[in-house]
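Pasting a structure below so you can have a look.
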Amino acid sequence: MKLAGCRVLALLVFTAPCILAQSSAQAASQTVFGYGNFSAQAKIEEKFLAVPDANLAGQHLKTLTAEPHMAATPEDHKTAEYVAQKFRAAGLDTEIVPYRVLMNQPKTVRVEAYDPSGHLLMSGPAPEHIDGDPGQDNPRVVMPFNGSSGSGNVTGEVVYANYGRLEDFNQLAAQHIDLHGKIALIRYGINFRGVKVYLAEQRGAIGVLLYSDPQDDGYFKGDAYPIGPWRPETAVQRGSVQFLFKYSGDPETPGVPSTLDLPDSARIHDYVGLHGDLPSIISIPISYHDAAPILRALKGAAVPQGWQGALPFSYHVGPGGVGVHLISDQDYQRRIIWNVVGTVKGSTYPDELVVAGNHRDAWVYGAVDPSSGTAAMLEAVHGVGALLKQGWRPKRTIMFCSWDAEEEGLIGSTEWVEQHGNELQNAVAYFNVDVAVAGSDFGASAVPSLKEFVRDITRAVPSPLGGTVYQQWKLRQPAGNKSTSSTVPGDDVHMGDMGSGSDFTPFLQHAGVPSTDIGSGGPYGVYHSTFDDYQWYTANADPHFEYLQEMARVLGLETLRMADADLLPLDYAVYAHEVSGYISEARRKAVDAGMSSLDFTPAEAAAARFSSAAQKTRAR
Ligand SMILES: [Zn+2]
């Protein structure tokens, strides 16, 4: 392959100068997809790659995580001003864009459990606490709660519903366990928490307790924080239980931007319940410290295979043995949130938009989620600023966006996409980053047309482990996890498909903009707890901020290479190949389901036409 010489060199000597060698190699090869002659762009990329700075990224992270900064709080506004200041310093045309959106903040959250004789088994929530964490006693740390939870005061028997998947609820139903009037105790993991609550409400539960089982991100995985990176006993995963699979954003304004001047008459009022966007039942997240006494006391049948977690006793499904009393008082108000948008106007195709984005709001300190993303984006912007100061202009318009209220329901990005639907018809790509750095394992997901583009970008960025990001990605991917879409030489590193749950959702699934999502992963057990802070980050994820630098380079290079391309590097040959794969899979499932008479011929013929058109386009 075109970079083979440099790859070998990089693996042997692990030196930064390979950045230069790589760019020269790419320039010499002149085969970069989307470019007729890559040599001028190679020089621009070389200059860019030299700028993102690990120490500066670490300083951004420290500043951004100095205070809890939940959406719509004064501390959140302070982070918006910090980001805006850095955007302006880089020369971006910058504005802070406010919206007024409906969100809850907790007034009271209580959980009590009793045995059948009325003896108190637990009363919580217990405060999140470990030895030696500097931020846990800050009064601005919000008590654990679920965004979009209902308010209420309910008492009921408990039923354990494993992960709260459809098959889990079906299994309970098969055992004639009725959830009407019950409280469902559900462990986090596998599916989105809003799905768990939706299904529990559908089955008649009057409340939900969501807990983190140590099997999924606690001591079963390894040492808990502060000794290791995994979830400690009292740490709680906050999070939204909005019905995101229906629509994201402000629940009162589906399809409409919640600008400050939006009249009340433009808002809907019927958004709560199974037909709407928010659950009507209450949902409370708890730690395994608080879940253990409930699970231990629970009677009824032994759990089905696969339902046992890592707490040191046998789990039962219930009901019986324990009842709980839940109080949730949620303060719903229309609150102001702030996106920050920085623009560099394109010189040749100013209407064509290349958008990169990351959310800024955090449930608490949010060192990994999302401040690592923001710190990386700020250093990418730093690199773009250095090019601007040398007189460079991108061919297409580049926008860097710092979204607010992602945690509550992708709200800032969704409202912005709703406001700019017309301009976004000309958006050529959206590059997301959220949990940018939790460790050293690079990973990415993308629409099929951008998979090879992302691989190409990672071939041009050095890894702190030596060689390129691409090489380390390839070396470290699990055996048997190879990509099946091998239409392109070198297409051998697995890349995920786009799901949902971060700010690419409105771009990809509402506006149809080709998107990618990148991150560097690792053992990360403090997700959405107070312990996702600067101390955890430097102890476990990235002590020298080298991976922030790596992610800044990858994100920045994605935007530069897309913005300057002669032809958009969207590879529909890979897309067509994946479409054929989906059709084959559907055919296989149809046969398995006894529907072998279903005729897939027209779909296959259409996929073949798509494939041949894509091959012709790519060959030009
Ligand atoms: Zn996030």
Side-chain angles (χ1 to χ4, degrees), residues 60-61 64-65 68-73 75-76 79-80 83 103 142 144-148 188-189 191-194 212 217 231 235-242 244 248-249 285 337-340 356-378 400-417 430-439 443-445 496 498-508 515-522 524-534 536-537 541-542 547-548 551 555:
H60 299 316
L61 188 75
L64 292 162
T65 56
H69 53 287
M70 188 167 63
T73 62
E75 296 81 8
D76 174 38
T79 60
V83 167
M103 298 192 303
V142 71
F145 77 112
N146 283 134
S148 297
Y188 273 125
N191 59 359
F192 174 58
R193 63 182 91 70
S212 301
D217 64 2
R231 188 174 295 273
V236 182
Q237 181 191 138
R238 294 156 183 79
S240 172
V241 293
Q242 187 181 3
L244 277 181
S248 59
I337 60 168
W338 308 274
N339 293 339
V340 186
N358 148 255
H359 77 95
R360 192 188 63 252
D361 65 298
W363 283 120
V364 191
Y365 298 96
V368 170
D369 180 10
S371 305
S372 64
T374 309
M377 185 167 78
L378 288 179
F400 284 99
C401 304
S402 168
W403 309 118
D404 205 352
E406 187 267 2
E407 296 294 7
E408 282 77 358
L410 322 178
I411 297 178
S413 55
T414 299
E415 299 311 310
W416 191 83
V417 167
Y430 174 69
F431 301 126
N432 193 65
V433 62
D434 182 342
V435 173
V437 180
S445 53
M498 305 296 284
S500 179
S502 192
D503 292 306
F504 57 80
T505 296
F507 285 89
L508 176 63
S515 301
T516 74
D517 189 36
I518 54 170
S520 187
Y524 174 43
V526 295
Y527 172 65
H528 288 186
S529 78
T530 194
F531 305 116
D532 182 358
D533 59 14
Y534 186 79
W536 183 96
Y537 185 91
D542 183 22
Y547 290 92
L548 290 182
M551 298 308 289
L555 182 70

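Whatever order the structure lists them in is the order used to number ligands and atoms, beginning at 1. Hydrogens, waters and symmetry mates are skipped; everything else that's a heavy atom, side chains included, is used.
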Checklist entry - Is the distance from the Zn ion (ligand 1) to the nearest N/O/S atom of E407 under 2.8 Å? => result no
Item to check | Name of whichever N/O/S atom of D434 is nearest to the Zn ion (ligand 1) | outcome: OD1
Checklist entry - Checking D532 side chain against A367 main chain: does a donor-acceptor pair fall under 3.5 Å? => result yes
Next on the checklist: I need the NE2(H359)-the Zn ion (ligand 1)-OD1(D369) angle, rounded to 10 degrees.
Outcome noted: 100°
Checklist entry - With distance as the sole test, does D361 use its side chain to make a donor-acceptor pair with the main-chain N or O of A405 at under 3.5 Å? => result yes
Checklist entry - Between F145 and W363, does the ring centre distance come in under 6.0 Å? => result yes
Checklist entry - Do we see a donor-acceptor contact under 3.5 Å between the side chains of R360 and T374? => result no
Next on the checklist: At less than 2.8 Å, would any N/O/S atom of E406, backbone or side chain, sit next to the Zn ion (ligand 1)?
Outcome noted: no
